[in-house]
Amino acid sequence: MVPLSLAKSLASSPRSAEQCSADEATALFRADVLYGLSQPQKAVPPKYFYDEAGSRLFDLICRLPDYYPTRCEIEILKACAAEIGALAGPGASLVEFGSGSSIKVRLLLDAMAAPAAYVPIDISGPHMRAAVTRLAEAYPGVAMVPVEADFTQSVRLPPLEDGRRVGFFPGSTIGNFTPQAATAFLAHVGDVLGAGSALVVGFDLAKDRAVLEAAYDDRQGITAAFNLNLLARINREVGADFEPSAFRHRAFLNGAESRIEMHLESVRQQEVSIGRHHFAFARGETIHTENSYKFSADAFLAMVRHAGWRQHAVWTDPKGWFAVAALERDGEGR
Ligand code: AVJ
């Protein structure tokens with residue numbers, strides 16, 4: 001079951017969905033957009049960034065000089081891969097939540113002894129399947145079992161071999177949730193993976209405002225294009241009449257909440273229509289499109305404990321900008 005707090009915090013309309021048809025996915029997208037634009041603070045959940053164009057733009061973001069999280073996390077994973085491999089044990093199955101281009105997972109598969117399966121779960125089906133095709137060539141002995149699903153909703157795993165189940169949730173995607181929803185999500189992941197499983201999760205650390213704001217408002221304007229692409233997607237898939245050039249990308253640190261917020265700001269007073277629904281925008285009014293929480297290691301580990309996980313290890317990069325936690329769950333496993 002989906003914890004309601006989880007759906008709410010992402011400004012989703014309350015409902016549950018997984019592994020649904022394209023028509024159903026579009027209907028849910030429409031419902032989320034109508035719901036989100038009806039709120040006092042207009043909002044659209046960040047999971048909708050990742051259509052084909054958005055997934056490609058996100059891959060570009062990961063290579064930007066200003067966007068440090070990807071580089072820091074890869075540096076950490078290279079250093080701790082052997083220990084994660086030992087934690088996984090032989091014949092383990094690796095389950096990745098929000099797999100995207102599946103690049104970091106290679107570091108773990110390389111370090112694992114005879115991994116049985118790789119189970120990527122991603123909302124962007126075509127992007128994921130292309131990544132899995134590339135991965136299958138490099139890892140012929142590993143069963144590739146992609147699951148096209150919204151992992152913020154309840155997910156069912158396919159049948160897996162007897163080895164340990166190891167969840168992988170990199171990139172600080174956990175930071176898209178409010179701390180309360182993140183705790184609920186970590187508990188949900190524990191239920192999905194089951195007793196005796198492990199979880200490797202990346203999270204971004206609180207740091208200097210200038211570094212953070214540059215990472216989310218890069219000089220090349222790629223993050224702006226990524227944010228604005230959401231409007232083009234809503235126009236195309238939901239039939240809205242957004243004028244993307246009448247909105248501006250905004251990204252800033254909300255220090256009180258310890259999160260980067262991304263918004264799309266209306267440059268003038270205007271009205272946007274979706275079918276018979278009309279949404280008025282004042283000049284300067286925004287659509288809140290993403291939260292990206294920045295944690296202290298202590299705060300993160302407190303959430304993890306509340307969600308029923310035990311800490312195995314926490315690693316950071318030399319600058320102390322990003323962290324990866326390896327967690328375990330009690331029990332016999334299967
Ligand atoms: C994929 C959610 C981890 O929050 O840093 C990157 C998304 N947004 N630049 C993040 C994102 C703008 C990213 N996560």
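Please read all numbers here as calculations on a predicted model, not as lab measurements. All ligand and atom numbering here is 1-based and tracks the order in the structure. Note: hydrogens, waters and symmetry copies are ignored here, and every other heavy atom, side chains too, is used.
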Proximity flag G171 to ligand 1, non-hydrogen atoms under 4.0 Å: yes
Would you say the side chains of E243 and S245 form a donor-acceptor pair under 3.5 Å? yes
Close-contact set for ligand 1 against S292 heavy atoms, below 4.0 Å: 4 (O), 5 (O), 10 (C)
With rounding to the nearest 0.5 angstrom, report the OG1 to CZ distance, T26 to R236. 10.0 Å
E237 and R30 ion-paired at < 4.0 Å: no
Applying a 4.0 Å heavy-atom criterion (strictly less than), which segment of F49 is in contact with ligand 1: side chain, backbone, both, or neither? neither
For R164 and L87 the tightest heavy-atom approach is NH1-O, 2.9 Å
Taking only non-hydrogen atoms of S172, do any sit less than 4.0 angstrom from ligand 1? yes
Which ligand 1 atoms are under 4.0 Å away from a heavy-atom of N176? 2 (C), 4 (O)
State yes or no: are the ring centers of F252 and Y216 separated by less than 6.0 Å? no
For atom 11 (C) of ligand 1, what is the closest protein heavy atom, and at what distance to 0.1 Å? E290 OE1, 3.5 Å
For I61 and Y67, the nearest pair of non-hydrogen atoms, with its separation, is O-CB, 3.2 Å
Can you confirm, on distance only, whether ligand 1 has an N/O atom lying under 3.5 Å from any N/O atom belonging to Y67? yes
Consider every N or O of K294 and every N or O of ligand 1, then say whether any pair is closer than 3.5 Å. no
One residue to check: Y50. Relative to ligand 1, which of side chain, backbone, both or neither has a non-hydrogen atom less than 4.0 Å away? side chain
Find out whether R310 and R329 are in side-chain contact, i.e. whether some heavy atom of one side chain is under 4.5 Å from a heavy atom of the other. no
